[in-house]
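Contents: one structure, followed by commentary.
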Amino acid sequence: MIKKIFHIIYNERRENSWLLVEIIAASIMLWMAFDPLFTLTRLESYDDGYNIDGTYMIDFGHYAPYDYRFKRSNEDAERNGESYTHMYNIVRSLPEIESYCFTQAYNYPGANRRYHIFPLFIDSVDCGDNKDKYIELQNKKGLSLDYHPIYDIEGNDYFTTFGVKDAFTGKIFTPNKHDTNNNCYVSECFAKKHFGGTREAIGKKIYLGHDKHFIISGIVKDMQVVDYDEPDDLLLLHRANVPAEYRMLKLHIRLKKGVDRVAFEKRFKEEIMPKLKAGNAYCLNIEPHYVFKERNNEVHGIPSKLTMYNSMALFALFTVFLGMLSAFWIRTSARKSDIGIMRSVGASRLTIIKQIVTEVAILVNIGFAVAMLFVLHYLYVNGFADPLKNIIKITSVEGPLHFAVVTAAAYIIMMLFAIAGAAIPAWRITKILPADALREE
């Protein structure tokens with residue numbers, strides 16, 4: 001039967017050639033539309049590695065010298081430190097708060113922004129105190145990675161506040177009580193990439209500018225610092241605070257379980273904020289972290305990109321559906337006399353449908369295979385689609401799986417549309433008496 005089908009396909013090569021061109025074009029379009037959707041789904045499925053439910057950022061301001069509320073007598077490092085400490089103490093003493101921490105600018109989980117430190121060098125090879133030998137083994141340009149400072153301020157609990165988990169236990173990360181400012185913590189991907197594993201990284205040194213070294217004493221779960229982006233190398237580093245930095249700090253709080261968030265926000269704005277004034281410092285605002293995160297997503301255009309990619313996929317799906325259905329419907333309907341002859345010589349309806357479906361499957365397989373050659377060339381040159389950046393290549397670790405999933409989805413849909421376009425009219429034609437089918441021709 002297969003030999004007969006190939007013979008039929010060859011005899012109708014002129015008609016089939018145009019059909020193959022359409023299959024190739026539709027396959028490429030469908031694959032390109034599904035590619036970004038798969039990327040978005042994959043990135044969205046990542047565990048954030050942190051939890052900002054029930055957390056808030058409290059922002060503080062500082063009167064400018066030209067402001068009428070500015071008092072020059074209050075403007076010195078020591079007085080500023082006292083002013084901010086006074087306000088922090090009021091917030092930290094609130095009964096609704098479970099934990100709190102301080103960060104600088106927006107380098108904290110959920111900020112949807114990247115902060116890189118450079119250069120950083122890893123001690124992947126034990127060179128002892130021979131720094132010259134160590135430097136020879138390292139990349140002179142260092143590494144670029146996400147950097148989150150942990151301030152050594154009394155009561156500061158970065159890990160509980162943001163729900164950062166230990167890579168080994170899966171519970172909230174708890175620093176070793178013996179850790180000092182010479183210790184640091186890194187993410188799983190950092191440890192695996194540069195030291196071969198999480199346990200292998202414990203006790204290793206990293207250097208900032210070849211000089212100051214830090215010992216890795218803990219590994220945290222990977223954090224998706226930016227939505228719809230791959231988790232990157234992350235360094236959590238102790239920093240001793242100085243009074244001059246107080247005005248640059250953000251205070252983050254986590255509410256206790258069971259606290260009414262709406263009631264807390266109302267009480268804070270009406271009762272607490274008016275008290276948060278000292279010297280030239282004052283409280284600007286309190287905002288849930290998820291609101292800030294969503295606003296940054298809008299700034300980066302993520303909602304519009306999601307809409308665009310979904311629209312592209314739906315358009316491609318609708319176009320391919322109409323194209324495949326109409327092309328194979330017309331092709332099958334044009335063979336009404338052939339089907340009539342087959343019925344007249346005793347071929348069953350099921351045998352006819354099976355033959356036509358097999359022809360369609362062969363054509364789709366040929367066209368889809370050719371289309372994937374073009375797709376592979378494109379991926380080798382440009383990489384997979386990514387809403388924020390285009391860095392994943394077909395040769396990367398993620399590449400083969402990504403390609404296989406998207407290809408399987410595109411192939412299944414192409415095959416279903418083509419079979420439906422051929423099987424439905426063929427089934428309807430086989431219901432007509434052979435003589436009637438031939439007479440209509």
Side-chain angles (χ1 to χ4, degrees), residues 1-35 37-38 310-375 405-441:
M1 182 178 177
I2 295 296
K3 185 176 180 181
K4 177 184 176 183
I5 290 173
F6 274 108
H7 184 70
I8 293 172
I9 292 174
Y10 177 78
N11 288 340
E12 298 179 357
R13 56 188 177 276
R14 178 172 295 182
E15 294 80 2
N16 289 335
S17 61
W18 289 107
L19 200 57
L20 283 172
V21 170
E22 185 171 349
I23 292 172
I24 292 170
S27 299
I28 294 174
M29 182 172 68
L30 200 60
W31 201 100
M32 292 298 181
F34 282 177
D35 179 26
L37 275 187
F38 176 75
N310 286 324
S311 300
M312 286 173 55
L314 288 174
F315 176 76
L317 202 60
F318 182 69
T319 304
V320 170
F321 172 74
L322 289 182
M324 290 294 97
L325 199 66
S326 60
F328 282 99
W329 194 295
I330 294 171
R331 178 182 182 273
T332 303
S333 298
R335 299 178 61 189
K336 184 179 291 185
S337 61
D338 295 340
I339 295 174
I341 293 172
M342 292 172 67
R343 287 286 287 153
S344 66
V345 296
S348 67
R349 297 173 67 188
L350 185 60
T351 301
I352 295 172
I353 299 299
K354 189 186 296 184
Q355 178 178 322
I356 290 176
V357 167
T358 304
E359 289 180 31
V360 169
I362 291 172
L363 288 172
V364 171
N365 280 316
I366 294 172
F368 195 83
V370 174
M372 289 307 101
L373 294 177
F374 288 101
V375 170
V405 172
V406 178
T407 301
Y411 175 79
I412 291 170
I413 289 176
M414 283 290 298
M415 188 64 75
L416 288 176
F417 287 171
I419 290 175
I424 294 173
W427 184 256
R428 294 177 64 183
I429 293 171
T430 56
K431 289 183 177 180
I432 304 173
L433 293 173
D436 293 336
L438 293 171
R439 189 183 304 116
E440 290 181 17
E441 275 305 305

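Numbering starts at 1 and runs along the sequence shown.
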Criterion side-chain contact (heavy atoms from CB on, under 4.5 Å) on Ile352 and Trp427, from CA distance to verdict: CA-CA 9 Å; Ile352 295 172; Trp427 184 256; over 6 Å; no

CD1-CE distance between Ile24 and Met414, expressed to the nearest 0.5 angstrom: 9.5 Å

Atom pair NZ (Lys354) and CD (Glu359), whose distance is rounded to the nearest 0.5 Å: 14.0 Å

Closest contact, heavy atoms only, Val364 versus Ala418: CG2-CB, 3.5 Å

Shortest non-hydrogen separation from Ala410 to Leu30 and the atoms involved: O-CD2, 3.6 Å

Spatial distance of atom CH2 (Trp31) from atom CZ (Phe374) [nearest 0.5 Å]: 15.0 Å

Partners passing side chain to side chain contact (heavy atoms under 4.5 Å, CB included) against Ala422 (at least two apart in sequence or in another chain): Phe328, Thr332, Ile356, Val360

Heavy-atom pair of closest approach, residues Ala423 and Val357: CB-CG2, 4.1 Å

Would you list the atom pairs, donor with acceptor, under 3.5 Å between side chains in residues 310-326 and any protein atom, with sequence neighbours excluded?
residue : atom : partner : partner atom : Å
Asn310  : ND2  : Leu306  : O            : 3.0
Ser311  : OG   : Thr307  : O            : 2.7
Thr319  : OG1  : Phe315  : O            : 2.7
Ser326  : OG   : Leu322  : O            : 2.7
Ser326  : OG   : Gly323  : O            : 3.1

Spacing of Glu22 atom CD and Leu19 atom CG [to the nearest 0.5 Å]: 6.5 Å

Nearest non-hydrogen partners of Met372 and Ser27, listed with the distance: CE-O, 4.4 Å

Gap between atom CZ of Phe38 and atom OG1 of Thr407 - 0.5 Å precision: 10.5 Å

Pairwise distance CD1(Ile28) to CE(Met32) - rounded to 0.5 angstrom: 7.0 Å

